[in-house]
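Have a look at the structure below, then the notes.
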Amino acid sequence: MQTDMDDKNILDAATEGEYKYGFVTDIDTHVIPKGLDEDVIRYISSIKGEPEWLLDFRLKAYRHWLTMKMPDWAHLDIPPIDFNAISYYAAPKKKEGLKSMDDVDPELRKTFDKLGISLEEQMRLSGVAVDAVMDSVSVKTTYKERLAELGVIFCSISEAVRDYPDLVKKYLGTVVPYTDNFYAALNSAVFSDGSFVYIPKGVRCPMELSTYFRINAADTGQFERTLIVADDDAYVSYLEGCTAPMRDENQLHAAIVEIVVEDRAMVKYSTVQNWYPGDKDGKGGIYNFVTKRGLCRGDFSKLSWTQVETGSAITWKYPSCVLAGDNSVGEFYSVALTNNYQQADTGTKMIHIGKNSRSTIVSKGISAGHSQNSYRGLVRVAKQAANCRNYTQCDSLLLSDTSGAHTFPYIDVRNDSSVVEHEATTSKINEDQIFYCNQRGIPTEDAIGLIVNGYAKEVLTKLPMEFAVEAQKLLQVSLEGSIG
Amino acid sequence: MSSIKQYIDLYNEFGPRINTASHEVLNAMRPAALASLNECRMPSKGDENYEISDLDAIYSPDYGVNIDRLDVAVDTEEPFRCDVPNLSTILFYASNDIYHDNQLASSQLPKGVVVASMRSAEVDEVVKRYYGKVAPIDNPQVALNTLLAQDGMLVYVPAGTVVEKPIQLVNLSRAASPMMTNRRMLIVVEDMAQVKMLVCDHTQSGDVDLLNTQVIEVVVGKGATFDFYDLEEASAGTHRVSSMWVRQAADSNVLINGITLMNGTTRNDYHIEIDGERAETQLLGMAIASGSQHVDNHTYIGHNVGYCRSNELFKYVLDDDAVGAFAGKILVAPGSPRTEAYQSNRNICASGNAKMFTKPQLEIYTDDVKCGHGATVGQLDQDAMFYMQTRGISCREARTLLMQAFMSDIIDGVRLDALKDRLRHLVEKRFAGTLAQCRSCTVAQVCHTKIKKK
């Protein structure tokens, strides 16, 4: 007969996974000296050959950032960060005149192969267009030509600034202004690259667009910026993945994602976040302080966020929807798994401004080891937003008696025709369910895997196929050997 | 400039006069309170838990303080008129923050039980032992109350004593010009003792702005049972900043029910620490607000040990321009196995201008728990409204019926049948809109009719 102790050991074993993306690529990288001042910003801007207006935007953001303080309201214990000990720009050195995949540094290609993103393979077989960003710089975008035929623009934001300046200028900073928060201001000042997507009116993007982010160089921060615009009646599904090497020092990742959704358009944004989470004793790992926001500007527009968060030492991230258009729809599906000494404070904001706007929030937290996992969400219904509907469900599963699960929902309703519902539960893995599985001949370890998998299923099914597989694998890594 | 300064100045100028009319234990705490106030500022918008109720603004007006303890003429008949029919209580009253001893009432108390003003000599020992020990002096609300409170009410129930009849305290507020009162209560329920309390707030001075600050400290011993009903039926000009601090020992059972029917701006903090295993806590509350009423309830239940249960339910109905806020936190400390904690907040916005802010929170640091919370903001069920109209019930009546039904969970939680009846009446009247215009008449009529029927 199994004792409590055995159960505990199995749980411990099940929740101790190894991070398999922790390698470092030995690649020639251009890293600028540490520290941040206006000259650094000017330098970044000049390397990238940016127009004057963008430099102005960066400088304004930087000056504003200087007046701001690091936010301390989250349920996180963030050690002080020395922003002058970070290098704000690192890029794999490029050979001039990259013409084909063969010109890409073989080390770089190997890196992406290791990550499971064989750019060419991917291009040929999976039908997913990939933009790979290493240390803040976009290294390769696949499928560009085919997309261009439809008028879809999918390129690095640096290229977009060069080739489509009016488009970028029109939308950059409109959803997340540089004044938004501390990290958004920092990002606006120093962002080095990211992806730009524009889907013209009436176009349904025929393939998933995907960006892989990789931090490689030491002592650098990664500050990428993604801008997605879906014009009237457009549709796009966008995937984002990220990994980083194992290092004892913490590295900062402060990104911005802005999405604009026009009339009847739909954007589906999926993330599998797997930055290095630090070791078993909480040493190292990425600080993931990200601002993601979509503006459903058009009537009948829809934005759907799906995220699987398993990485990062500290996560501070609230993908949000501003539902400004009438009948617009916002969705947020999240699985956040924290283990060892990871901390996560994540959730969403649904700002209902348009009439009849609807939102759904499903958040599943899983806490193991000594980790702290918080859901923080805001549902605000403005006075003019008649007949709005929100449903929020956030559940937490605790896998160890030293972990923590917290829920901080904020609900502001300012009219009499909207209905807002929130429910949350917190519990440990149901012993009855494990017992039932045992009865059916399923060992405890597999049972835990089954239960966790089933628990997260509601969210995992929202992911596009390719990512769903990866997300399941990730949960496997994080709860090693337990998912059958 | 923080609103605290004017009170510090007041104390610095009139400290000796404040002390003269007060108990030495209350006076002994003042330096610590002053030191704490000098260190802090009154929380305001921008502070996490005060986004909706800006305490700094509430304390800012230039209120008079009755430091010389001049007796205020209040209609002492009123509490008797409002007496709960069929509910026989042991009745005490306080006019503003002056607590009146009542020999007749005291004589009905079981032996050893003390209900008295903190000025009286017989309460010395208990007050010395517990005063200021439960409410934290570093909290600005508590510090300010401690700095200025000159009187308080002590309820002491010795070990093993059961007080069958509920103890009722009626707080009457009356002032000709804007005034601040600083009420204080200390309730000590020793091991295995049982007591039920009903506290009612009434205002007799129309629309004059009044600020009632209140700090209630409660110590509940092992196996003790404590019921506390807090009913606010004041006026639109009466503002209240109340905080209740409870410490619960093992096997104890606490029920707190906070009801706001009429007020100006109210901020209630309920802070419950469960320190002993197998303790049970029920925290209920309701608010019916219209006009420009503002009701903000903040609750905290700390499960510091295992094997305890808590259940929390707050319901609001908001009409006109009313603002409702609820923030509840349940904290389960590490090493508190088998904790069950539930929290729920349900609200109805009945007008386009009403606003509701809710923030139900869970902080859980151990795995062997069953915790849940839920919050809703919505309207009356349209299907039910339609159904009732098909049965010949008018729209207006159907609405009132549904709202009453909505509040019935809270009223059902009351463990005193007679009080349940009275609350049903009050809620009914409140929804009919009569309570607001002519509260004392309506209440009196209800009472008298019932008595006549008898």
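Per chain, numbering begins at 1; letters A, B, ... match sequence-line order. Computation of the quantities below employed the complete heavy-atom set of this structure, encompassing side-chain atoms and omitting hydrogens, waters and symmetry-equivalent molecules. Just so we're clear, the structure is a prediction, and the values are computed from it rather than from any experiment.
Note that OG of A/S396 is 7.5 Å distant from CG of B/L362, once rounded to the nearest 0.5 Å. Note: A/T407 OG1 to B/I330 CD1 = 10.0 Å, rounded to the nearest 0.5 Å. The CD atom of B/E363 lies 4.0 Å from the CZ atom of A/F408; values are rounded to the nearest 0.5 Å. With values rounded to the nearest 0.5 angstrom, B/D319 atom CG is found 9.0 Å from A/D416 atom CG.
The candidate from A/R380, A/E431, A/H406, A/Q393 with the greatest count of non-hydrogen atom pairs under 4.5 Å with chain B is A/H406. Between chain A and the options B/P337, B/A327, B/G374, heavy-atom pairs under 4.5 Å are most frequent for B/G374. Of the listed residues B/G378, B/P360, B/A354, the one with more heavy-atom pairs under 4.5 angstrom with chain A than any other is B/P360.
Side-chain contact between A/L399 and B/D367: absent, with no pair of heavy atoms (C-beta onward) separated by less than 4.5 Å. Between B/Q361 and A/Y410 the shortest side-chain heavy-atom distance falls below 4.5 Å. Side-chain contact between B/K359 and A/I411 is absent, with no heavy-atom pair separated by less than 4.5 Å. Annotation: side chain of B/C349 is not in contact with side chain of A/R414 (no heavy-atom distance under 4.5 Å). The shortest distance between side-chain heavy atoms of B/C371 and A/S427 does not fall below 4.5 Å. Contact of the B/V369 side chain with the A/L398 side chain is registered, since non-hydrogen atoms from C-beta on lie closer than 4.5 Å.
Between the side chain of A/K383 and the backbone N or O of B/G352, at least one donor-acceptor pair lies under 3.5 Å.
Remark: A/K428 NZ is packed, more than 12 non-hydrogen atoms of other residues, nucleotides or ligands lying under 6.0 Å away. Atom CZ of B/R309 has 12 or fewer heavy atoms from other residues, nucleotides or ligands within 6.0 Å.
If you measure heavy-atom distances from B/N347 to chain A, you find no contacts under 4.5 Å at all. Proximity to chain A (any heavy atom under 4.5 Å) is shown, for B/A375, by both the backbone and the side chain. If you measure heavy-atom distances from B/E48 to chain A, the contacts under 4.5 Å come from the side chain alone. Heavy-atom distances place no part of B/P334 under 4.5 Å from chain A, backbone and side chain included. Looking at A/Q372, only its side chain comes within 4.5 Å of chain B, counting heavy atoms on both sides.
Contacts between residues 417-426 of chain A and chain B, defined by a heavy-atom separation under 4.5 Å, are made by A/S417, A/S418, A/V419, A/V420, A/E421, A/H422, A/E423, A/A424, A/T425, A/T426.
A donor atom on one side chain and an acceptor atom on the other are not found under 3.5 Å apart for B/K355 and A/N415.
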